[in-house]
Each structure stands twice: as structure tokens, then as C-alpha cells.
Amino acid sequence: MDAARRSSRPLVLLLLLGACGFFQSYAVEVDVKDDSNATCLYAKWMMRFVIKYETNSSDYKSTTLNLSSSVTHNGSVCGNDTQAALLAVQFGEGHSWSANFTKTNETYQEDFITFTYNTNDTAVFPDAKRKGPVTVVLRDNMHPVQLNDVFVCQSTEFLEAENVTQIFWNVTVQAFVQNGTIGKKESRCRADMPTSAPTVLPTTANATTASTTTLSPAPTATPKPVETPVTGNYSLKRGNDTCLLASVGLQLNVSQDKPLLININPKTTSADGACGNTTAMLKLNDGNSTLIAFTFAVKNISASAQKFYLKEVNVTLLNRLNGSVISHADNNNISQWDAFLGSSYMCNKEQTLEVNENLQINTFNLWIQPFRVTANTFSTAQECSLDDDSILIPVVVGAALAGLIAIIVVAYIIGRRKSYAGYQTL
Ligand SMILES: *[C@@H]1O[C@H](CO)[C@@H](O)[C@H](O)[C@H]1NC(C)=O
Ligand SMILES: *[C@@H]1O[C@H](CO)[C@@H](O)[C@H](O)[C@H]1NC(C)=O
Ligand SMILES: *[C@@H]1O[C@H](CO)[C@@H](O)[C@H](O)[C@H]1NC(C)=O
Ligand SMILES: *[C@@H]1O[C@H](CO)[C@@H](O)[C@H](O)[C@H]1NC(C)=O
Ligand SMILES: *[C@@H]1O[C@H](CO)[C@@H](O)[C@H](O)[C@H]1NC(C)=O
Ligand SMILES: *[C@@H]1O[C@H](CO)[C@@H](O)[C@H](O)[C@H]1NC(C)=O
Ligand SMILES: *[C@@H]1O[C@H](CO)[C@@H](O)[C@H](O)[C@H]1NC(C)=O
Ligand SMILES: *[C@@H]1O[C@H](CO)[C@@H](O)[C@H](O)[C@H]1NC(C)=O
Ligand SMILES: *[C@@H]1O[C@H](CO)[C@@H](O)[C@H](O)[C@H]1NC(C)=O
């Protein structure tokens with residue numbers, strides 16, 4: 001009851017316009033006061049969300065939800081020994097985010113994060129199939145922080161659950177503040193500690209290892225070996241019809257001071273581009289930090305035969321926080337992934353595309369058709385030579401032989417039974 005009264009006290013919320021033109025990111029600062037007008041819960045942080053949603057044409061799109069300038073903080077609660085502290089903000093067209101904190105004698109820690117996004121917000125979800133609020137609740141395993149210490153995490157942290165990636169950075173938070181004074185002693189997240197620094201650019205770099213939770217140390221200090229990327233399904237439409245289909249796992253290999261592997265996360269990647277009769281482009285955007293554009297073209301093989309091929313790839317890596325370009329690589333002289341027009345190209349084995357001397361793209365389970373897609377499905381595939389034909393050829397040859405033998409046997413039987421009918425029965 002005491003806490004309820006406290007929470008109805010005037011709260012102070014400052015909204016600072018971040019200096020980030022590209023993303024329009026805002027820092028939120030919430031200063032919750034208790035009865036005696038003393039700060040009891042303080043937080044300042046930046047966050048963004050990448051949300052994958054189903055569109056009205058039944059495919060999936062990723063969109064980025066940023067904090068808008070209209071943030072309120074209804075429902076924030078100081079908390080005490082028996083009640084959790086609650087940091088709650090509402091923003092934009094019906095979106096909200098909250099985190100509750102629990103306390104022991106010595107420490108406090110974040111407990112659950114609750115995020116609700118509203119697909120009625122047509123600016124963010126222009127073509128959502130299902131309109132209305134969607135709530136994602138997840139338990140956070142932030143390490144316990146000493147009471148009176150302030151938790152600080154400048155590094156970018158990712159929290160993935162269901163179709164949402166929550167991205168946080170420049171976080172300062174203290175719950176159960178004593179005597180209205182923010183602690184002088186900082187408790188840093190592990191990602192901020194120099195000793196553990198794995199070389200990771202502030203891009204989607206650690207998409208695969210990014211399931212570490214917000215405000216919590218990375219599970220291990222040693223970087224995990226990068227796994228094979230998850231295969232993503234991407235498509236483009238012209239009107240109601242699919243005009244380009246791609247299914248591929250993508251991994252960027254960036255050579256800098258230390259080699260860096262970046263797996264493209266299909267969950268946070270959106271596709272757009274353009275279809276055409278002789279050129280087509282597929283542009284992939286992974287969380288506004290990795291942009292890859294594939295350009296396809298058509299070439300004449302003979303008077304009557306045409307093939308499509310991958311002509312150009314360019315890759316732009318952006319700083320996730322402020323959108324500035326980290327690196328850009330372009331190769332407009334590629335001639336790979338070719339197959340006859342009207343068919344699709346498939347390569348299950350790992351293949352490498354040289355974009356330039358510092359950037360390669362490794363592709364896995366590739367299946368692509370940039371032209372003449374009919375009935376929203378892939379046409380017959382032409383497989384790359386890398387795919388194991390030592391198995392395929394015997395299978396194909398074997399099947400053909402078996403078919404031939406069956407035909408001969410049938411023909412023989414029919415021939416014997418109706419010898420007068422001859423070949424006509426066949
Ligand atoms: C709380 O303190 C602020 C300034 O520190 C003051 O402006 C405000 O009136 C105070 N509110 C109450 C309820 O005492
Ligand atoms: C809290 O929410 C109500 C509506 O739900 C709104 O009228 C009110 O202005 C909000 N208060 C603050 C402080 O945001
Ligand atoms: C924190 O919030 C979650 C989700 O709303 C809730 O289930 C949990 O009970 C809360 N924790 C406390 C200690 O109130
Ligand atoms: C999908 O939504 C968009 C935007 O509201 C609309 O223009 C389009 O007609 C819709 N398509 C279908 C198939 O409902
Ligand atoms: C809060 O104030 C009390 C009484 O003035 C004092 O004993 C205590 O040490 C203070 N705590 C902190 C964290 O400053
Ligand atoms: C991608 O497409 C393939 C075949 O079209 C399907 O088997 C697979 O489940 C799809 N994957 C996802 C994540 O939708
Ligand atoms: C990444 O590129 C470097 C230099 O080109 C190469 O030595 C290394 O094997 C590549 N790694 C992978 C996983 O492709
Ligand atoms: C990437 O390639 C596309 C297609 O060629 C081109 O339109 C675009 O300008 C390129 N982007 C950059 C940054 O060079
Ligand atoms: C973006 O951030 C990086 C690293 O923090 C910095 O080097 C770069 O100058 C920034 N760019 C802009 C446009 O602010």
C-alpha cells in the first residue's frame with residue numbers, strides 16, 4: 001500500500017534526443033521519486049527493437065521499432081523488501097516496455113522484461129496481417145548488483161525471444177536507491193570489461209551468440225566458434241505474385257585487424273529489391289547494420305537459350321548505434337550462380353563469393369530463382385558442381401537404368417502376351 005502511494009507520486013521523466021540522425025534513437029531517462037521526493041529508481045538507457053511479423057500477403061518482414069519522442073512512464077514503482085520495483089515506459093502508437101527488479105538484503109537484480117508492440121501502428125507495421133498488441137515476456141538473468149551500486153553497460157546487448165530482438169546500449173540503472181543518491185560505485189556488465197573484449201564490431205557481428213541477455217554478462221569470455229548460419233527464406237513480390245525466391249544461409253567473412261565472421265540472422269533480416277525481366281535485385285537488411293544487395297542479370301547462351309547469373313554484390317556494414325558506414329565492398333564483375341532462365345539454381349555446399357580482398361560471403365544451402373517464378377515456388381533446380389554428384393549421378397543413373405529395365409520387362413511381357421500388337425501397345 002505504501003508502495004502504491006509512492007508510485008502515484010510525481011515522477012520525473014526526461015527525454016533526451018540522441019545525436020543519432022540515422023536511427024532517430026532517443027535516450028530515455030526515468031527518475032522515479034518516493035514519498036519524500038527522493039529518487040528510488042533511476043534508469044537511463046537506449047533501446048531499439050527488430051520485430052519480425054507476418055504480412056497480409058502471408059510472408060514475413062522485419063521492421064525496426066525505435067523509441068519515439070512521446071514516451072510516458074505510467075506504472076513505474078519504487079518497490080521495497082516485499083514488492084518488486086518496476087520500470088515501465090509507453091511509447092509510440094501503443095507500445096510499452098517494462099522491467100521489474102527484485103531485492104535481497106545485499107543485492108538487486110532484474111527479473112522479467114515485458115515488451116508489448118502494437119501491430120496497429122501502421123507506420124511500423126504497414127501491412128501486418130494481425131492487428132493488435134503482442135506481448136513478449138522473458139526472464140532476464142542480469143547478475144545481482146550490490147545494493148547502492150549503479151549498474152552500467154555501455155556495450156550493445158541483444159535479447160532475443162520469439163520474433164523480437166531487443167537491442168540495448170548505454171544503459172545505466174539503479175533500483176532500490178537509498179537516501180535518494182545514485183551510487184558512486186559502478187557495477188559493469190562483462191561486455192564493457194576490457195579483458196573479455198572479443199573483437200566484434202557494433203553490427204550484427206555476434207548474431208549467433210547474441211542470445212545473451214540484457215544487462216548481463218556474456219556467458220563466457222572466450223568467443224565461441226561461429227556456427228553455420230541459419231538458412232533464411234527471402235522473396236520479392238510483384239503485385240500478388242512472387243517474382244524472386246531465395247533460400248540461403250549467409251556468412252560474411254570480414255578481414256580486418258582480426259578476422260570477423262558475421263552470420264546473417266534471418267529473423268532480423270528483411271528483404272526488398274526489384275524484379276525485372278532481365279535484371280533483378282535482392283536487398284537484405286539485417287537490423288539496419290548489414291546491407292547486402294545481389295544483382296542478377298540474363299545472358300544469351302545461344303539464339304534460343306538464355307541463362308541468368310549473379311552479376312554484382314555489394315555489402316555495406318553500418319555501425320549499429322549511429323548508422324555510420326564501417327565498410328563498403330562492391331564487386332560488379334561476378335559471374336556465378338548461373339542456370340537456364342526458367343529454372344532455379346541450387347548449391348547446398350558452402351560456396352564463397354569474393355566481394356573484395358577484405359570481404360567474402362560464404363553461402364550455405366543456397367537455392368535461388370531471380371526470374372520467371374511461377375506459382376510462388378521454385379522451378380526445377382540446376383545444381384552447382386560442388387554439390388556431391390558422386391552420390392547424385394549413381395542415383396540418377398541407377399533410377400534411369402531401373403526404369404529402362406522395367407520398361408523392357410513390361411515390353412517383353414506385353415510382347416509375349418500380345419505378340420500381334422507389337423510396339424503399338426507401348
Ligand atoms: C520535489 O523536488 C523538486 C525539485 O527537487 C521540486 O520541484 C518539487 O516541487 C518537489 N516535489 C514535492 C512533492 O515535494
Ligand atoms: C497514464 O496513462 C493514462 C491513460 O492510460 C494517461 O491519461 C495519463 O496521462 C498517463 N500518465 C502519465 C504520467 O503518463
Ligand atoms: C515481474 O514481472 C513478471 C512478468 O509480469 C511477473 O511474472 C513476476 O511475478 C514479476 N516479479 C515480481 C517479483 O513481482
Ligand atoms: C495489404 O496491406 C496493404 C497496406 O494496408 C494494402 O495496400 C494491401 O492492399 C493489402 N493487401 C492484401 C492482400 O490485403
Ligand atoms: C542513508 O542515510 C542513513 C541515515 O542518514 C545512513 O545511515 C545510511 O548510511 C545512508 N545510506 C547510504 C547508502 O548513503
Ligand atoms: C524455408 O523454405 C523451405 C522450403 O521452401 C522450408 O522447408 C523451410 O521450413 C522454410 N524455413 C523457414 C524458416 O520458413
Ligand atoms: C575468411 O577469410 C580469410 C582470408 O581471406 C581466410 O583465410 C579464412 O579461411 C576465411 N574464413 C572462413 C570461415 O571463410
Ligand atoms: C549497391 O549495388 C546497387 C546495384 O548495383 C547499386 O544500385 C547501389 O548504388 C550500390 N550501393 C553502393 C553503396 O554502392
Ligand atoms: C559512430 O560511432 C563510431 C564509433 O563509436 C564513431 O567512430 C563514428 O565517428 C560515429 N559516426 C557518427 C556519424 O557519429
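Atoms within a ligand are numbered from 1 in the order they appear, just like the ligands themselves.
- The single protein non-hydrogen atom nearest to atom 11 (N) of ligand 7 is Asn253 ND2, 2.8 Å, given as residue, atom name and distance.
- Near Ala84, meaning under 4.0 Å from one of its heavy atoms, ligand 3 places the atoms 12 (C), 13 (C), 14 (O).
- Considering only non-hydrogen protein atoms, atom 4 (C) of ligand 7 sits nearest to Ser255 OG, 4.0 Å.
- With Glu110 contributing its side chain and Ala99 its backbone, the two residues share no donor-acceptor pair below 3.5 Å.
- Taking a distance limit of 4.0 Å, we find that atom 7 (O) of ligand 7 is approached by no protein heavy atom.
- Below 4.0 Å from some heavy atom of Asn362 lie the following atoms of ligand 7, by number and element: 12 (C), 14 (O).
- With respect to atom 5 (O) of ligand 7, the closest heavy atom belonging to the protein is Gln360 NE2, 3.1 Å.
- Nearest non-hydrogen protein atom to atom 13 (C) of ligand 3 is Thr102 CG2, 3.5 Å.
- Using a 4.5 Å heavy-atom threshold, the side chains of Thr64 and Arg48 count as touching.
- Here the side chains of Glu93 and Asn118 are not in contact, with every heavy-atom distance at 4.5 Å or above.
- Here's the thing with Asp111: one of its N/O atoms is less than 3.5 angstrom from an N/O atom of ligand 3.
- Note on ring orientation: taking the six-membered ring where Trp is involved, the planes of Trp337 and Tyr345 are parallel (angle under 30°, cut-offs 30° and 60°).
- Counting only distance, with no hydrogens or angles, the side chain of Thr119 and the backbone of Phe125 share no donor-acceptor pair below 3.5 Å.
- Nearest-residue assignment for atom 10 (C) of ligand 3 (options Asn100, Val77, Ile113, Val137; heavy-atom criterion): Asn100.
- Under 3.5 Å, the side chains of Asp286 and Thr268 contain a donor-acceptor pair of N or O atoms.
- Taking the six-membered ring where the residue is Trp, Trp45 and Trp97 present tilted rings, their angle falling between 30° and 60°.
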